[in-house]
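What follows is a short report on a single structure.
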Amino acid sequence: MSLSPDLVAAVQDFARLDRVLVATDFDGVLAPLVQDPMDSRPVDGGMPALTSLAELPGTTVALVSGRALGPLRELSGADPDGPLVLIGSHGAEDSRSESGLALDADQQELLETLGDELATLREEHPGLRVEEKPASRVVHTRGLPDDEARAALDAAQELGARHTALDVTPGKDVVELAVAHVGKGVALVALARDVDAQAVFYAGDDLTDEHGFEALADDPHTARALTVHVGDSDTSARHRVADEHEMVELLQTLLAARRG
Ligand SMILES: O=P(O)(O)OC[C@H]1O[C@H](O[C@H]2O[C@H](CO)[C@@H](O)[C@H](O)[C@H]2O)[C@H](O)[C@@H](O)[C@@H]1O
């Protein structure tokens with residue numbers, strides 16, 4: 001497959017603007033989905049294209065991910081002194097802020113309670129895996145038989161529903177339970193306003209990215225966003241590409257157009 005003519009035309013128009021924000025999700029967009037989250041690696045070409053874009057005038061580039069900031073930097077290979085902005089934990093962490101994520105006492109206590117209850121859940125669902133992040137725990141079921149995965153995800157959702165202060169976010173073979181939540185949509189619109197972008201490019205593959213696409217479309221400052229869904233799921237994005245390799249082709253097309 002190759003990029004649709006509509007998408008190429010939209011990229012050419014976008015590339016002509018003076019100040020733009022180019023943002024992408026990480027897992028399922030730059031890096032193929034794998035069973036162990038720490039085995040994830042970006043496909044060749046994506047990160048170099050983003051870094052080159054970020055070195056051009058009037059071009060802010062951001063990775064906007066559900067990942068915690070540390071693993072996002074490690075797995076993407078983004079240079080800590082480089083030009084890329086990293087937004088982690090679905091908007092709750094930002095590489096531009098020195099302070100990191102501060103939880104209050106109630107949130108800390110809830111995170112500990114969550115850890116205890118998930119330990120019990122793992123005894124009932126032995127295949128379930130738990131990823132720890134600064135403000136959340138993620139229940140992973142990739143690779144489990146369908147009925148076991150469904151039962152474990154339902155149990156995680158029920159646990160989340162019992163604690164009303166928890167924010168429950170389903171994703172691809174995951175349910176995330178967070179004691180502090182911002183959301184990709186809020187983070188993207190805020191970043192676009194911060195850098196006074198005339199237009200935003202955002203690419204994502206998961207449910208959390210749909211919130212991003214919708215928030216961009218709803219805000220008058222970002223309503224012209226060039227949104228791209230990766231994969232064949234239902235989406236409110238304006239365009240789509242098939243997979244991470246087409247994503248690289250798209251980023252390279254944008255880079256060439258912006259270099260003029
Ligand atoms: O916003 P993203 O960058 O797409 O991050 C979303 C979640 O990505 C990770 O989970 C997903 O990728 C895993 C590794 O490929 C896969 O095993 C899992 O099934 C996917 O849902 C990450 O582990 C989560 O913390 C992120 O929230």
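What you see is a predicted model; the values in this text were computed from it and never measured. For ligands, and for the atoms within them, numbers begin at 1 and follow the listed sequence.
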Next item on the list: Flag yes if more than 12 heavy atoms outside Asp44 fall under 6.0 Å of its CG atom; otherwise flag no.
Entry: no

Note to self: Set out, in order, the CA-CA distance, both residues' side-chain angles and the distance that settles salt bridge (Lys or Arg N to Asp or Glu O under 4.0 Å) for Arg129 and Asp36, then state yes or no.
What the structure shows: CA-CA 9 Å; Arg129 302 177 304 281; Asp36 182 340; over 6 Å; no

Item checked: Minimum heavy-atom distance between Thr222 and Ala192, given as atom pair plus value -> CG2-CB, 3.6 Å

Note to self: If you count every heavy atom of other residues, nucleotides or ligands that lies below 6.0 Å from Glu109 atom CD, does the total exceed 12?
What the structure shows: no

Next item on the list: Answer yes or no: is there a donor N or O on one side and an acceptor on the other, between the side chain of Thr208 and the main chain of Asp206, under 3.5 Å?
Entry: no

Using a 3.5 Å cut-off on N/O to N/O, what pairs does ligand 1 make with the protein? A line per pair would be great.
| from | atom 1 | to | atom 2 | distance (Å) |
| --- | --- | --- | --- | --- |
| ligand 1 | 1 (O) | Asp25 | OD1 | 2.7 |
| ligand 1 | 1 (O) | Gly66 | N | 2.7 |
| ligand 1 | 1 (O) | Lys184 | NZ | 2.6 |
| ligand 1 | 3 (O) | Asp25 | OD1 | 2.7 |
| ligand 1 | 3 (O) | Phe26 | N | 3.3 |
| ligand 1 | 3 (O) | Asp27 | N | 3.1 |
| ligand 1 | 3 (O) | Asp27 | OD2 | 3.3 |
| ligand 1 | 3 (O) | Ser65 | OG | 2.6 |
| ligand 1 | 4 (O) | Asp25 | OD1 | 2.7 |
| ligand 1 | 4 (O) | Asp25 | OD2 | 3.0 |
| ligand 1 | 4 (O) | Asp27 | O | 3.1 |
| ligand 1 | 5 (O) | Asp27 | OD2 | 3.3 |
| ligand 1 | 8 (O) | Asp27 | OD2 | 3.0 |
| ligand 1 | 15 (O) | Val34 | N | 2.7 |
| ligand 1 | 15 (O) | Val34 | O | 3.2 |
| ligand 1 | 17 (O) | Val34 | O | 2.5 |
| ligand 1 | 17 (O) | Gln35 | O | 3.4 |
| ligand 1 | 17 (O) | Arg142 | NE | 3.4 |
| ligand 1 | 19 (O) | Arg142 | NE | 2.7 |
| ligand 1 | 19 (O) | Arg142 | NH2 | 3.1 |
| ligand 1 | 19 (O) | Lys172 | O | 2.9 |
| ligand 1 | 21 (O) | Lys172 | O | 2.6 |
| ligand 1 | 23 (O) | Glu131 | OE1 | 2.7 |
| ligand 1 | 23 (O) | His140 | NE2 | 3.3 |
| ligand 1 | 25 (O) | Glu131 | OE1 | 2.8 |
| ligand 1 | 25 (O) | Glu131 | OE2 | 3.1 |
| ligand 1 | 25 (O) | Lys133 | NZ | 2.8 |
| ligand 1 | 27 (O) | Lys133 | NZ | 3.0 |

Checklist line | Asp232, CG atom: more than 12 neighbouring heavy atoms under 6.0 Å | finding: no

